[in-house]
Novice: 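Before anything else, here's the structure in question.
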Protein chains: 2
Amino acid sequence: MPRPSTPLLSPDRIRSTALAIIDRDGLDGLSMRKLAAELGVQAASLYGHVRTKDQLLNDIASSILSAVDVTGFTVDWREGLLRCARSYRAALSSHPNIVPFLAYGPAGRAESLQRLDLLHGALVSAGWSRREATMIAAGLMYIVFGSALSTFSSGFSADPADYSDRYPHLDRAHLLPGVARELDRDSFEMALAAFVRGL
Amino acid sequence: MPRPSTPLLSPDRIRSTALAIIDRDGLDGLSMRKLAAELGVQAASLYGHVRTKDQLLNDIASSILSAVDVTGFTVDWREGLLRCARSYRAALSSHPNIVPFLAYGPAGRAESLQRLDLLHGALVSAGWSRREATMIAAGLMYIVFGSALSTFSSGFSADPADYSDRYPHLDRAHLLPGVARELDRDSFEMALAAFVRGL
DNA sequence: GAGTTAACCTAACACTGTTCGGTTTCTCAG
DNA sequence: CTGAGAAACCGAACAGTGTTAGGTTAACTC
């Protein structure tokens with residue numbers, strides 16, 4: 001099948017299909033051949049629209065991060081921090097399987113930097129020193145990424161026998177997967193509130 | 001070379017060599033063939049001592065996590081949280097390249113669970129509810145893992161031109177790589193202090 | 001000294017990201 | 001309306017990955 005009348009591929013279609021695969025099968029579940037098959041195409045054809053797989057992932061990451069809202073600093077800086085962190089986490093947890101990639105690679109994405117710039121500026125004009133502003137922004141990212149990796153609630157076994165004997169204080173840990181989402185959100189809110197309150 | 005007089009391989013030697021490669025070349029820099037070559041052996045020979053690569057990484061992770069100290073709760077729970085978090089971060093940041101793997105997989109490692117059990121119990125006997133204890137432990141992990149991923153200071157370009165035009169508040173971001181380690185530690189300490197104070 | 005087992009090997013399988021060269025169809029200038 | 005060139009796809013290949021099967025030899029055990 002050479003050069004069809006209407007193109008089968010476009011960067012947008014490739015990106016959204018790739019993201020769908022990641023959401024469905026995890027980060028390791030995405031391969032160029034599988035992506036191509038899902039688009040009704042051979043793997044080599046993708047490289048006419050995408051430079052490399054890494055670039056593709058970066059583009060997807062950027063489009064996810066562009067949903068982060070940092071415009072909440074008009075009220076005061078505490079409220080701004082809360083809103084920014086919530087928006088960041090919401091963006092990440094809408095596609096949790098790609099978070100390891102975000103956390104892995106360098107923070108050199110334009111979307112990240114632009115938002116970081118606004119955040120930093122808002123903190124400085126609220127009276128923090130530049131160094132303090134940097135550390136506060138870092139601390140906020142710790143909580144956001146730490147919570148989005150969701151290493152915590154999910155990842156527990158659903159079998160009570162895995163815990164009851166060896167770990168007496170975790171005798172209800174097998175219930176965690178059932179309430180993971182809710183508990184993760186509440187833990188995030190608690191950590192965020194404690195952090196901002198303690199500044 | 002069949003069955004040498006003294007064995008070339010042992011689980012310990014494999015683990016430590018693998019960890020050395022990870023420390024030197026990063027997580028992606030570890031392949032079974034490269035590991036085998038470094039041990040003076042063919043790749044297939046490793047599988048007499050190690051079940052799979054994933055299991056090998058898990059074993060390495062466990063040995064790193066076994067250095068985490070959660071015995072600081074004899075004083076009071078705040079001090080215990082601080083010590084536990086510092087010890088955890090120290091363990092992770094002594095081998096930063098393996099942290100993405102830790103953050104990726106499930107938290108079902110015996111070493112993690114045992115420490116989590118102690119932490120949870122200490123918080124409950126300090127008067128927190130079980131749910132609160134779980135959320136506090138989760139929040140602590142957020143900060144520890146978020147900071148150990150060190151997505152932050154490292155990952156910035158060392159070229160001022162990358163920032164000065166587009167991101168006015170980040171005009172000194174190019175200095176970050178030079179002080180990354182120090183700044184990351186200070187940011188962690190600040191986030192941890194703020195979190196514990198705000199509880 | 002014979003038999004078993006442990007430790008290594010070579011060769012292969014099925015996969016990965018990526019590139020090269022080829023084929024066809026579309027687009028556009030003359 | 002023709003001819004040139006680019007665009008969009010494909011098949012085949014390369015070097016790499018984790019892993020397994022089957023073979024060879026040395027060391028241990030009785």
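Letters go in sequence order (proteins before strands), and every chain restarts at 1. Treat the numbers as computed from the prediction; the structure is a model and nothing was measured.
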Novice: Between N or O atoms, less than 3.5 Å apart, protein on one side and nucleotides 17-22 of chain D on the other: list the pairs.
Specialist:
unit_1	atom_1	unit_2	atom_2	d
D:dT17	OP1	B:S31	OG	3.1
D:dG18	OP1	B:M32	N	3.3
D:dG18	OP1	B:K53	NZ	2.9
D:dG18	OP2	B:M32	N	2.9
D:dG18	N7	B:R33	NH1	2.8
D:dG18	O6	B:R33	NH2	3.0
D:dT19	OP2	B:Y47	OH	2.7
D:dT19	OP2	B:K53	N	2.7
D:dT19	O5'	B:Y47	OH	3.4
D:dT19	O4	B:R33	NH2	3.4

Novice: If you look at every strand shown and take non-hydrogen atoms under 4.0 Å, does A:Q42 touch a base, only sugar-phosphate, or nothing?
Specialist: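 The answer is sugar-phosphate, as A:Q42 gets under 4.0 Å only of primed atoms, P, OP1 or OP2.
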
Novice: On the 0 to 90° scale, with breaks at 30° and 60°, tag the A:W128-A:W77 ring pair as parallel, tilted or perpendicular.
Specialist: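 If you compare the ring of A:W128 with that of A:W77, the planes turn out perpendicular.
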
Novice: Side chains of A:S63 and A:R15: is there a donor and an acceptor less than 3.5 Å apart?
Specialist: no

Novice: Could you give the CD1-to-C1' distance, from A:I14 to D:dA8, as a whole number of Å?
Specialist: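 After rounding, the gap between these two atoms is 11 Å.
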
Novice: Would you say the side chains of B:H49 and B:S10 form a donor-acceptor pair under 3.5 Å?
Specialist: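 The answer is no; no qualifying pair exists.
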
Novice: What's the CG-P distance between A:L35 and C:dC15, to the nearest Å?
Specialist: 17 Å

Novice: Think B:H49 has a side-chain N or O under 4.0 angstrom from the OP1 or OP2 of C:dC8?
Specialist: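 Yes.
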
Novice: Are B:E111 and B:S62 linked by a side-chain donor-acceptor pair shorter than 3.5 Å?
Specialist: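 Yes, B:S62 and B:E111 have a side-chain donor paired with an acceptor closer than 3.5 Å.
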
Novice: Assuming nearest nucleotide by heavy-atom distance, tell me which of A:P7 and B:T6 is located more 5' along DNA chain D.
Specialist: A:P7

Novice: Can you find a heavy atom in the side chain of A:H95 that is under 4.5 Å from one in the side chain of A:I60?
Specialist: no

Novice: How many whole angstroms separate atom CG of A:L46 from atom P of C:dC20?
Specialist: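 Rounding to the nearest Å, CG of A:L46 and P of C:dC20 are 17 Å apart.
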
Novice: Taking only side-chain N and O atoms of B:S45, does any of them lie within less than 4.0 angstrom of OP1 or OP2 on C:dA7?
Specialist: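 The answer is no; no side-chain N or O of B:S45 sits under 4.0 Å from OP1 or OP2.
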
Novice: Counting only N and O atoms by type, is there a donor-acceptor contact under 3.5 Å from the side chain of A:R115 to the main-chain atoms of A:V70?
Specialist: no

Novice: Report the distance from atom CG of A:D25 to atom P of C:dC15, rounded to the nearest whole Å.
Specialist: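 Rounding to the nearest Å, CG of A:D25 and P of C:dC15 are 15 Å apart.
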
